[in-house]
Every structure is written in structure tokens, then in C-alpha cells.
Amino acid sequence: MAHNLLSGHRGIIFGALNEQSIAWSVAEHCAAEGAQLILTNTPAAIRFGQVKQLAEKTGAIVIAADATNEEDLEMLFTEAQQKLGGKIDFVLHSVAMSQNIRKGKVYQEADYQYFHQTLDISAISFHKMLKTAYRLNALSEYASVVALSFIAAQRAFDGYNDMADAKALLESIARNFGLVYGRKHHVRINTLSQSPTRTTAGTSVSGFDSFFELADKKSPLGNATAEDCADMCVILFSDYTRHLTMQNIYHDGGYSSIGE
Ligand code: NAI
């Protein structure tokens with residue numbers, strides 16, 4: 001049921017690794033709505049993941065970039081504009097990684113090198129991306145930028161570890177850059193706080209399955225899927241949300257408002 005909501009829109013999607021990735025569904029839905037896309041991920045993720053298959057399916061162009069590397073980001077935004085033929089209308093930041101989670105280091109025993117890396121990959125990369133786009137004047141008037149977040153930015157969840165701190169920082173960056181970028185180029189910047197979703201990053205969190213089930217049971221509408229999230233991103237990227245900015249939007253079937 002596509003409606004051509006993104007016809008003529010040029011977008012960059014960070015973070016599609018495999019079919020389970022939320023960014024994968026977002027890319028599929030944006031392409032179905034008429035968008036022209038650049039898919040980006042780390043060189044290793046492009047080599048070992050399924051990004052090229054997604055590019056074939058969606059007619060997208062793949063450009064490798066490490067989201068923590070400002071030179072890579074400059075090359076990405078420059079090439080993306082050249083290849084798509086103009087300024088960028090929307091960007092999805094769907095990037096996260098924690099070695100503390102991966103290596104089973106609990107919060108109270110954090111390895112600080114890993115902690116810095118978590119913040120750099122999962123939050124500061126958003127600042128670097130926005131800073132680069134701002135400096136290059138790469139985003140169009142009323143462009144829309146969305147980063148994916150999680151309710152652990154506001155509440156404590158056992159097992160979510162240093163990623164909770166990264167999400168709090170991510171949401172703060174969206175607000176603060178939203179102020180700067182809104183005034184200058186009317187660029188909208190929001191975070192979307194998504195339900196637990198079975199993906200590579202999601203299922204690496206210890207206790208994910210029981211939390212997934214609990215959230216699904218507690219949410220009046222049940223957990224939002226990656227496909228639902230993709231529909232929401234389409235709306236946020238479209239021209240129908242031109243005055244929505246600096247918000248953290250819960251997309252969680254009502255879970256965040258439940259008091260029990
Ligand atoms: P995923 O594992 O499919 O996606 C994470 C992506 O980050 C991967 O494509 C990975 O290659 C990329 N990445 C890691 N380091 C990078 C770097 N240095 N440069 C560029 N890309 C890098 O998992 P998922 O769940 O789709 O995650 C996407 C976003 O959604 C993340 O921000 C995650 O925290 C968020 N989210 C996920 C939820 C879940 O339950 N799965 C719930 C709420 C938010």
C-alpha cells in the first residue's frame with residue numbers, strides 16, 4: 001500500500017546489515033514510496049552482511065563508511081549528493097554497538113575503552129554525521145533526520161548496559177542539533193524510540209527474549225515490528241511532518257505510558 005510519499009526524495013540509510021535489521025525494512029519501505037537511496041555501513045559489514053542484496057532489491061547505491069570517521073562521512077555526503085544528483089532529503093541513523101554487551105561485561109564492571117567505543121559508535125557518530133552534513137551544506141531545506149533509540153534512555157533495564165547511556169546521549173544530540181539545524185536550514189531532527197525488535201544488535205542484549213515478551217504483553221498494542229518502524233520512518237521523512245523536530249517519539253505500542 002505505497003502512496004509515493006517519498007517520490008523525488010533522496011535519502012541515506014545507515015545500518016542495514018541483514019534482513020533482520022530495522023534499517024533493512026526502512027530501506028525497502030522508502031524505496032517502495034519512491035525514494036532514491038544510498039545504503040551505507042562499515043566496509044566489514046558490507047563484505048560480510050547482505051547489503052548488496054538489499055541494494056539490488058531497492059535500486060540503491062552502496063557507499064562504505066565508518067560512521068565514527070569524519071573523513072569517511074565527508075566522502076559519503078559528497079559522493080551521495082553527486083550520485084543522487086542533489087542535496088539529501090532524509091537520513092536514517094540506525095547504528096549501535098557495545099563491546100561491553102558483546103563480551104558479557106556487566107554495567108558495574110564496564111571496560112572504559114569499550115564504553116568510549118559504545119558512545120562513539122552509537123551516539124557521537126550521530127553528532128559527527130550531522131556536523132559533516134552541516135559543514136558541507138548537504139541537506140535540503142526541511143530535510144528530515146531520524147535516529148533510532150530505546151526507552152532505556154529514560155528508564156533502567158537490566159542488561160541494556162552502557163547502551164542506555166549511549167541512547168540518552170543520542171536523544172540529547174538530536175535536540176541540540178535540532179535547534180542549530182532548524183534555525184539555519186529548517187532541518188528536522190528526531191529520535192524514534194522503538195519496541196524491542198529481534199535483530200543482531202537487539203538479541204545481543206542479555207535477557208532480550210524475556211524483555212521482548214514482557215514488553216509485548218504490557219503494551220496495549222503489542223510490540224511494534226521493524227516493518228511498523230519502517231512505516232513510521234516514511235512518515236517522518238515525508239513532507240507531512242514538516243514541523244516535527246527535536247522530539248523523542250515513542251513507537252512502542254503504548255509500553256512507555258503503562259504504569260503497572
Ligand atoms: P543491527 O545489528 O541490524 O544494526 C546495527 C547496525 O550498526 C549494523 O548494520 C552495524 O553494521 C552498524 N554499525 C556498527 N558499527 C558501525 C560503525 N562504526 N559505522 C557504521 N555502522 C556501524 O540491529 P538493529 O536492531 O537493527 O539496530 C539498529 C538501531 O536500532 C540501533 O541504533 C539500535 O540500538 C536501535 N534499536 C534497536 C532495538 C532492538 O530491539 N533491536 C530497539 C530500539 C532501538
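Only heavy atoms go into these numbers, but all of them, side chains included; no hydrogens, no water, no symmetry mates. Along the sequence shown, the residues carry numbers beginning at 1. Just follow the structure's listing: the first ligand is 1, and inside any ligand the first atom is 1.
- Against a heavy-atom cut-off of under 4.0 Å, Phe150 is close to the following atoms of ligand 1: 42 (C), 43 (C).
- Salt bridge Arg198/Glu213: present, at least one basic N to carboxylate O contact under 4.0 Å.
- In this structure, atom 44 (C) of ligand 1 lies nearest to the protein heavy atom Ser149 O, 3.0 Å.
- Residues Arg188 and Val145 form no side-chain contact, since every pair of their non-hydrogen atoms from C-beta on lies 4.5 Å or further apart.
- Ligand-side atoms of ligand 1 in range of Gln194: 42 (C), 43 (C), range being under 4.0 angstrom from any heavy atom.
- No more than 12 heavy atoms of other residues, nucleotides or ligands shown are found within 6.0 angstrom of NZ on Lys131.
- Residue nearest to atom 36 (N) of ligand 1, selected from Thr68, Val205, Ile151, Ile22: Ile22 (by heavy-atom distance).
- Phe212 and Phe208 have tilted rings, their planes meeting at an angle from 30° to 60° on a 0 to 90° scale.
- Between Ala23 and ligand 1, not a single N/O pair is under 3.5 Å apart.
- Below 3.5 Å of separation, one finds no N or O of Gln20 facing any N or O of ligand 1.
- When Gly49, Ala201, Ser94 are checked for heavy-atom proximity to atom 6 (C) of ligand 1, Ser94 turns out nearest.
- With rounding to the nearest 0.5 angstrom, the OG1 atom of Thr40 is 12.5 Å from the CD1 atom of Ile61.
- Not close to ligand 1: Ala226, with no non-hydrogen atom less than 4.0 angstrom away.
- Annotation for ligand 1: atoms under 4.0 Å from non-hydrogen atoms of Thr200 are 2 (O).
- Protein heavy atom nearest atom 24 (P) of ligand 1, with residue, atom name and distance: Thr199 OG1, 3.3 Å.
- At least one side-chain heavy atom of Thr78 sits less than 4.5 Å from a side-chain heavy atom of Glu74.
- Using a 4.0 Å cut-off to heavy atoms of Thr197, the atoms of ligand 1 that qualify are 39 (C), 40 (O), 41 (N).
- In summary, the side chains of Ser195 and His251 do not present any donor paired with an acceptor at a separation below 3.5 Å, with no hydrogens or angles considered.
- Atoms of ligand 1 lying under 4.0 Å from at least one heavy atom of Phe208, given by number and element, are 40 (O).
- Close contacts between ligand 1 and Ile121 involve ligand atoms 15 (N), 16 (C) [criterion: under 4.0 Å to a heavy atom].
- Between Phe90 and His9, the ring planes lie tilted relative to each other; the angle falls in the 30° to 60° range.
- Using a 4.0 Å cut-off between charged side-chain N and carboxylate O, Asp120 and Lys128 make a salt bridge.
- Polar contact check, Asn18 against ligand 1: no nitrogen or oxygen pair lies under 3.5 Å apart.
- Heavy-atom distances between Lys167 and ligand 1 reach below 4.0 Å in at least one pair.
- Nearest to atom 31 (C) of ligand 1 by heavy-atom distance, out of Ala67, Ala152, Ala96, is Ala96.
- Ligand-side atoms of ligand 1 in range of Pro196: 40 (O), range being under 4.0 angstrom from any heavy atom.
- In terms of protein heavy-atom proximity, atom 22 (C) of ligand 1 is closest to Val95 CG1, 3.5 Å.
- At a heavy-atom cutoff of 4.0 Å, ligand 1 is contacted by no atom of Ala147, backbone or side chain.
- By the neighbour-count criterion of 12 heavy atoms within 6.0 Å, atom CG of Asp209 is densely surrounded, having more than that number from other residues, nucleotides or ligands.
- Among protein heavy atoms, the minimum distance from atom 8 (C) of ligand 1 is reached at Gly15 O, 3.8 Å.
- Interatomic distance, CE of Met246 versus OG of Ser172, reported as 10.5 Å (0.5 Å rounding).
- Between Thr42, Thr40, Asp66, Asp252, it is Thr42 that holds the heavy atom closest to atom 16 (C) of ligand 1.
- Contact atoms of ligand 1 toward Ala45: 11 (O) (distance under 4.0 Å to a heavy atom of the residue).
- No side-chain heavy atom of Asp158 sits less than 4.5 Å from a side-chain heavy atom of Phe211.
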Open item on the list: Run Ser144 and Val146 through side-chain contact (heavy atoms from CB on, under 4.5 Å) and show every step you take.
Closed with: CA-CA 7 Å; Ser144 174; Val146 173; 4.2 Å; yes
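- Here the shortest heavy-atom distance to atom 42 (C) of ligand 1, taken over Gly202, Cys229, Ser195, belongs to Ser195.
- In terms of protein heavy-atom proximity, atom 3 (O) of ligand 1 is nearest to Ser21 OG, 2.6 Å.
- In this structure, Glu79 pairs ionically with Lys83, as a charged nitrogen and a carboxylate oxygen lie closer than 4.0 Å.
- Closest to atom 11 (O) of ligand 1 among all protein heavy atoms lies Asn41 OD1, 2.8 Å.
- Follow the hydrophobic side-chain contacts under 4.5 Å out from Leu73 and you reach Tyr134 in the same cluster.
- Counting heavy atoms only, Leu148 comes closest to atom 35 (C) of ligand 1 of the residues Leu148, Val51, Thr203, Ile46.
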